[in-house]
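Note on naming: letters A, B, ... go to the chains in the order of the sequence lines (proteins, then strands), and numbering restarts at 1 for each one. Treat the numbers as computed from the prediction; the structure is a model and nothing was measured. The basis for the numbers below is simple: all heavy atoms, side chains too, and nothing from hydrogens, waters or symmetry mates.
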Amino acid sequence: MTEHDGAVLTGTALHKSFGATPALRGVDVAIAPGEQVAVTGPSGSGKSTLLHCLAGVTSPDSGFVSLAGHRLDSLSEHQRTRVRRVRIGLVLQFGQLVPDLTAVENVALPLLLEGRRRPDAEQAARGWLERLGVGDRADVRPLELSGGEQQRVAIARGLVTSPDVVLADEPTGALDTVTGEQALQVLVEATRETGAALVVVTHDHRVAAHMERGIALRDGRVELVREPGA
Amino acid sequence: MRPLWVAVVAGAGQLRGILVLLTTALVSGLLLVAVSYARLGGWGGYQSTYDGGAPLFGPVADPGTRGGAILGVVLLCLPVVLLLDQCVRLGSAAQRRRYEALAVAGASRRDLRRWGAIETGVPAVAGAALGVGVWIVMRQVLGYGLATSPVRALVPTATGPGWWTLLVIVLVAAYGVLVGQRAAARASRPPRAPKKPPRPWGLLVLGAAVALLAPWMNTESELPGLAAVALVTVGLALTTPWLAHVMASRLHGRTDDPAELLATARIRADHGAAGRAAAAVGAVGATSGVAGALLVRALTEQYVDLYIVVPLLLVGSLAALVLGVITSSLALHSIEATLTRGREVAALVATGVPLSTLERAVEAECRIVTMPVTTGAALCGALAITALTASPSALVGGLVGAAVVAIGLRFAVRCTARLTAPWLHRAVAQGSLRTA
């Protein structure tokens, strides 16, 4: 048995450099199903790069990422895109919703790409928006939503395809303390309900404290791992 | 130390400056040609040559049709002006960041508008002046060069624009300054909520055109025809943003295709660009329908009159060129909008939207409104000529013209989407996802 056995998402010996600047220097991570993990570290420690590698957005220079035992680097670009859409939910710092689409259309988009009919896709999207407390804002465009509402819509978009794992990059970074706390609660509870694993990249130790386990990065290396209950 | 205006222009980016210079030079050159037509004189009767100049192309030499030729050249400037408008928007994301930094440093909105005027005004002044060179080249190639051909000189060699040159340069340069000021005002405003849906006021202008011109239809004068073209141009320009919004909204409400959903949402949020492009390609469509109907009718007559056939072929060729310019400007607009929102677009790709879907969305944005407007306008033009001439061959020609322009538009949209794809790929680079 290795520590990666049974993990839903693993990164093995991940190296990544941008020009002459190394961002990751041999990082190993394993995320168990349903587990909630915080990745912390100072600016430039490689947190976001690790998240982008785990999401298959960025390819590592060496090492590999596996989702449920399947290596992402063995997949075609088309297959990787589909994995990101269906099996990985990505939540980003500013929500980053399409400004021209309404909240419900933003959430329904991944389902439409999966070939679902528009009414079905929008019904499912409305369901998620209701669950996350922004059902009454479903037909509003992102510019008319508050930061907290935008983040809830982004969380709904990340969860609508029932992914195995949700990766969140500074999900509360653009929000005030109270709104950020609420958004985080929504994210934690929603992933717990669906059984999806949650990986949150943050430099905020209060956010990290909500997670079961913590991985601290420094200069592209894992500096410390906080185990559950520690 | 380099002067401030050099630093301002350099800061705006080389590509933008070059494109502004080229488009203003072309507009200025075309307007100088139009002025040289107007200065031919001899309005009393047909003359094939003027003061010993090269033999002229019939419709230009004939004072009865010269007004139409002048209007045609002026209308030819419109798609280039559309392209100029679009070129000025290039790099607007960088421009916004630059202006935010300047505002932090203490620049007022008035300072920023002045800054924008310099950014575009300097290349526009240079381009307007370069228009004289464009006119000289056109006179050499399309004037002396064609003098011995069956077509004859398209640009007069006996007359030039004279002192009007100065006025044309000032006008074109002033337009460039105005466009720059408007772009700067846009860039210095915070992002706003989506625009309100447009109103169909243009239909009133189109209705007024029909109502005012109907009593004059049977007169010999050329004036009602020219006035009709001018009024219809204004009416179409005012109506098409509304039409674009309505068409996009209807498709948006029922489409299951993510690319069409993204494209129609873009058009609804920014209906002006799609509307302007639709007006321009609508004019091309109507021209193609009319030209096709007249050409086939002329060819099916017992004799082939070069006086009719050559101008029609020329109009058809120019229509194809204009179609390319318009679709390029629309694709540029779409790409610019994508680059401006690089972070959101990169996030779309990161969350599993295939790049091919975004490419199709750009293509759909260029096609959704322009295709039905162009085809419809071509059919209207063909039907109008068929009704006026009562000739079945004109209808066949008009339908051929409509089909050709529809295929041409589809091809132009496909080509421009392919050409602009690398910019889209750059917009979705992973760097755009960086956190703050």
Side-chain angles (χ1 to χ4, degrees), chain A residues 18 43 47-49 51-52 55-59 77-78 80-102 105-106 108-121 140-144 154 157-158 161 163 167 169-170 173-174 201 203, chain B residues 190-196 245 248-249 251-271 273-274 334 337-338 340-361 365 425 427-436:
Chain A
F18 296 101
S43 291
K47 307 186 295 291
S48 291
T49 305
L51 190 99
H52 293 159
V57 175
T58 303
S59 299
E77 184 55 44
H78 175 74
R80 258 206 308 274
T81 301
R82 181 144 195 273
V83 163
R84 283 204 303 272
R85 183 164 69 237
V86 179
R87 305 196 62 183
I88 296 173
L90 199 58
V91 179
L92 300 160
Q93 183 177 9
F94 299 100
Q96 283 148 11
L97 304 165
V98 183
D100 308 322
L101 297 180
T102 61
E105 289 165 351
N106 264 289
L109 193 59
L111 298 177
L112 291 176
L113 285 160
E114 280 302 296
R116 293 269 290 270
R117 304 283 301 165
R118 180 87 172 269
D120 295 346
V140 170
R141 290 184 191 156
L143 274 176
E144 298 163 72
R157 180 176 68 179
T161 54
L167 304 174
D169 194 359
E170 301 279 9
V201 159
H203 60 262
Chain B
R192 289 180 304 176
K195 292 178 190 168
K196 285 184 179 170
H245 191 271
S249 296
L251 182 58
H252 186 83
R254 62 167 198 265
T255 185
D256 289 327
D257 179 4
E260 282 188 354
L261 187 76
L262 290 167
T264 49
R266 282 273 320 120
I267 296 171
R268 271 156 46 109
D270 188 5
H271 40 77
S334 179
T338 306
T340 306
R341 298 171 309 168
R343 194 188 283 270
E344 287 84 4
V345 179
L348 269 180
V349 174
T351 52
V353 176
L355 203 48
S356 60
T357 301
L358 297 181
E359 288 172 359
R360 282 198 304 115
E365 193 181 333
H425 294 198
V428 301
Q430 183 258 335
S432 305
L433 279 179
R434 68 192 179 280
T435 47

### Query
Pick from Val353(B), Thr357(B), Thr264(B): which one has the most heavy-atom pairs with chain A under 4.5 Å?
Val353(B)
### Query
Between His252(B) and Leu101(A), does a side-chain contact (heavy atoms from CB on, under 4.5 Å) hold up when you go through it step by step?
CA-CA 10 Å; His252(B) 186 83; Leu101(A) 297 180; 4.0 Å; yes
#### Entry: Residue selection (most heavy-atom pairs with chain A, distance under 4.5 Å) from Gly352(B), Pro258(B), Ala259(B)
Gly352(B)
#### Entry: Asp256(B): salt bridge (charged side-chain N to carboxylate O under 4.0 Å, His left out) partners, not counting sequence neighbours
Arg117(A)
#### Entry: Val345(B) portion near chain A, given a 4.5 angstrom heavy-atom threshold
neither
### Query
Taking only residues two or more places apart in sequence or in another chain, which ones pass side-chain contact (heavy atoms from CB on, under 4.5 Å) with Thr255(B)?
Arg118(A), Leu251(B), Asp257(B), Glu260(B), Leu261(B)
#### Entry: Pairing of Arg80(A) and Glu77(A) as salt bridge, 4.0 angstrom limit
yes
### Task
Sort Leu167(A) into side chain, backbone, both or neither according to what part of it lies under 4.5 angstrom from a heavy atom of chain B.
neither
